[in-house]
Amino acid sequence: MFITFEGPEGSGKTTQIGALALRLRQAGRSVTVTEEPGGTRLGLKVRQLVKETKDAAISPATELFLFAASRSQLIAEVVKPALAAGRVVLCDRYAESTLAYQGYGRGLSLNLISAVNAIATEGIRPDLIVLLDLPPELGLERKKGEGWDRFQAEDLAFHRRVRQGYLEMAASEPDRWLVLDATACAEAVGALIWQRVAELRRGDKRRDQDGRSGLDIKNSEGMQ
Ligand code: TYD
C-alpha cells in the first residue's frame, strides 16, 4: 500500500503521517515513512538546492527536473524495494506536488510534467492521496517565524493557484483522493484518514481472498 500526503505549507502533513504510521504499526504492519524532496542522500541535496533562497533564480524547468531527480532516486532506492517487501509506504509529497507547484503554480504544462513524472515514478502511483486542504493564508501563518524557504516566500496568488490545482486534481479522480479540511483539529483529521485507510485495507484483503478463491476454482477445474 502506497499512500501520499499533499497540501499547502503548514497543513499538518508531518503530524498526520506520524499518527498514521503509529496506527498502522500498532495494527501489525511494517511501515516506511519518507518525504519529498529528500528521502535519500541525493534527495536531501536537492531539497537544499530547491529550498534555499539565495538561488532564487532557478528556472521553472530546472525546478521540475530537480524534483524529478529526487523522486526517481527515491523510487529506486526506497519506495520500490519497500513496496516489494510488502511494507506500507507513506510519503510526504509526491508527483502531485509537482503538478500543483510547477504546473498550476509556476505555469509549466501539465502534460509535460506528467511525462516527466511518468519517468521519475516508473509508473508507481499512490493507492491513496490524502490532501490536507487549507486556505494558504492560514498555512503560511502557521509556519511564520520558522524562516521562509523559496516556496513559502512566493506571493499569495501563487499559493492560491497551488491550492486550486490540488482541488481540481482531487475532483477529477475522487476515488484516489481523500480531501480533508486541515483547519479541523488534528485528532479529527487523523480519525478520518484512519477510516479511509481501514477501508483500503479491507478492500485489499477482499481482493486477496477473491484472488485465492479464483485460484481454487482454477485448481478444482484442473482436477476434474
Ligand atoms: P517542505 O519543507 O517539505 O514543505 P512542506 O513541509 O510544506 O511539505 O518543502 C518542500 C517544498 O517544495 C514545498 O514548498 C513544496 C515544494 N515542492 C514543489 O514545488 N514541487 C515538488 O514536486 C515537491 C515534492 C515539493
Side-chain angles (χ1 to χ4, degrees), residues 2-18 20 33-40 42-53 55-75 78-79 89-110 112-121 124-126 129-166 169 180 182-183 186 189:
F2 182 29
I3 304 173
T4 62
F5 286 73
E6 297 286 351
E9 330 294 313
S11 54
K13 296 189 300 298
T14 315
T15 308
Q16 292 304 337
I17 290 172
L20 178 59
V33 174
T34 189
E35 66 167 353
E36 280 209 23
T40 64
L42 180 140
L44 286 171
K45 288 185 180 165
V46 169
R47 182 180 181 84
Q48 229 177 334
L49 282 177
V50 292
K51 286 186 65 146
E52 62 192 10
T53 37
D55 273 332
I58 297 178
S59 81
T62 306
E63 211 174 78
L64 165 66
F65 291 127
L66 285 172
F67 283 115
S70 169
R71 178 163 308 134
S72 115
Q73 193 60 29
L74 185 78
I75 282 286
V78 179
V79 177
V89 177
L90 307 182
C91 192
D92 190 338
R93 298 194 179 280
Y94 190 57
E96 285 67 23
S97 272
T98 316
L99 288 162
Y101 283 79
Q102 281 64 52
Y104 290 88
R106 301 270 192 241
L108 289 180
S109 146
L110 298 178
L112 285 181
I113 296 176
S114 297
V116 173
N117 271 344
I119 300 173
T121 61
I124 295 179
R125 299 197 63 201
I129 304 167
V130 178
L131 172 59
L132 299 177
D133 179 51
L134 185 77
E137 307 78 310
L138 275 180
L140 290 168
E141 182 66 31
R142 286 183 183 177
K143 289 258 174 169
K144 225 162 115 182
E146 288 181 22
W148 289 147
D149 64 31
R150 271 180 61 254
F151 292 96
Q152 288 157 344
E154 286 293 336
D155 60 17
L156 209 49
F158 173 87
H159 290 287
R160 289 200 174 121
R161 289 196 299 278
V162 170
R163 181 191 193 193
Q164 190 52 34
Y166 274 133
M169 285 189 275
L180 296 173
T183 63
V189 173

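Every number for a ligand or one of its atoms is a count from 1 in the order of the listing. It should be emphasised that the depicted structure is a prediction, and the values quoted were computed from it without experimental measurement.
Proximity annotation for atom 9 (O) of ligand 1: of E6, K51, E96, K51 comes nearest, heavy atoms only. Among R71, Q102, R93, R106, the residue whose heavy atom sits closest to atom 20 (N) of ligand 1 is Q102.
Close approach to K13 involves these atoms of ligand 1, each under 4.0 Å from a residue heavy atom: 5 (P), 7 (O), 8 (O). Every atom of ligand 1 is numbered from 1 in the order shown, and the set under 4.0 Å from a heavy atom of T98 is 21 (C), 22 (O).
Taking every heavy atom of both residues into account, T4 and P126 meet most closely at OG1-CG, 3.6 Å. In terms of heavy-atom proximity, C91 sits nearest to L74 at SG-CD2, 4.0 Å. Between P8 and L134 the shortest heavy-atom distance is CG-O, 3.7 Å.
Using bins of under 30°, 30° to 60° and over 60° for the plane-to-plane angle, the ring pair Y101/F151 lands in the perpendicular bin.
Among protein heavy atoms, the minimum distance from atom 18 (C) of ligand 1 is reached at F67 CZ, 3.2 Å. In this structure, the protein non-hydrogen atom closest to atom 6 (O) of ligand 1 is K143 NZ, 3.4 Å. Scanning the protein for heavy atoms near atom 10 (C) of ligand 1, the closest one is P37 CD, 3.9 Å. For atom 11 (C) of ligand 1, the closest non-hydrogen atom on the protein side is F151 CD1, 3.8 Å.
Of the possible donor and acceptor atoms, none in the side chain of Q73 sits under 3.5 Å from a partner among the backbone N and O of S70. Proximity of a side-chain donor or acceptor of R93 to a complementary backbone N or O of P37 within less than 3.5 Å is not detected.
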E9/R163 under salt bridge (Lys or Arg N to Asp or Glu O under 4.0 Å): CA gap, chis, key distance, verdict: CA-CA 10 Å; E9 330 294 313; R163 181 191 193 193; over 6 Å; no
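At a heavy-atom cutoff of 4.0 Å, ligand 1 is contacted by the side chain of R47 but not by its backbone.
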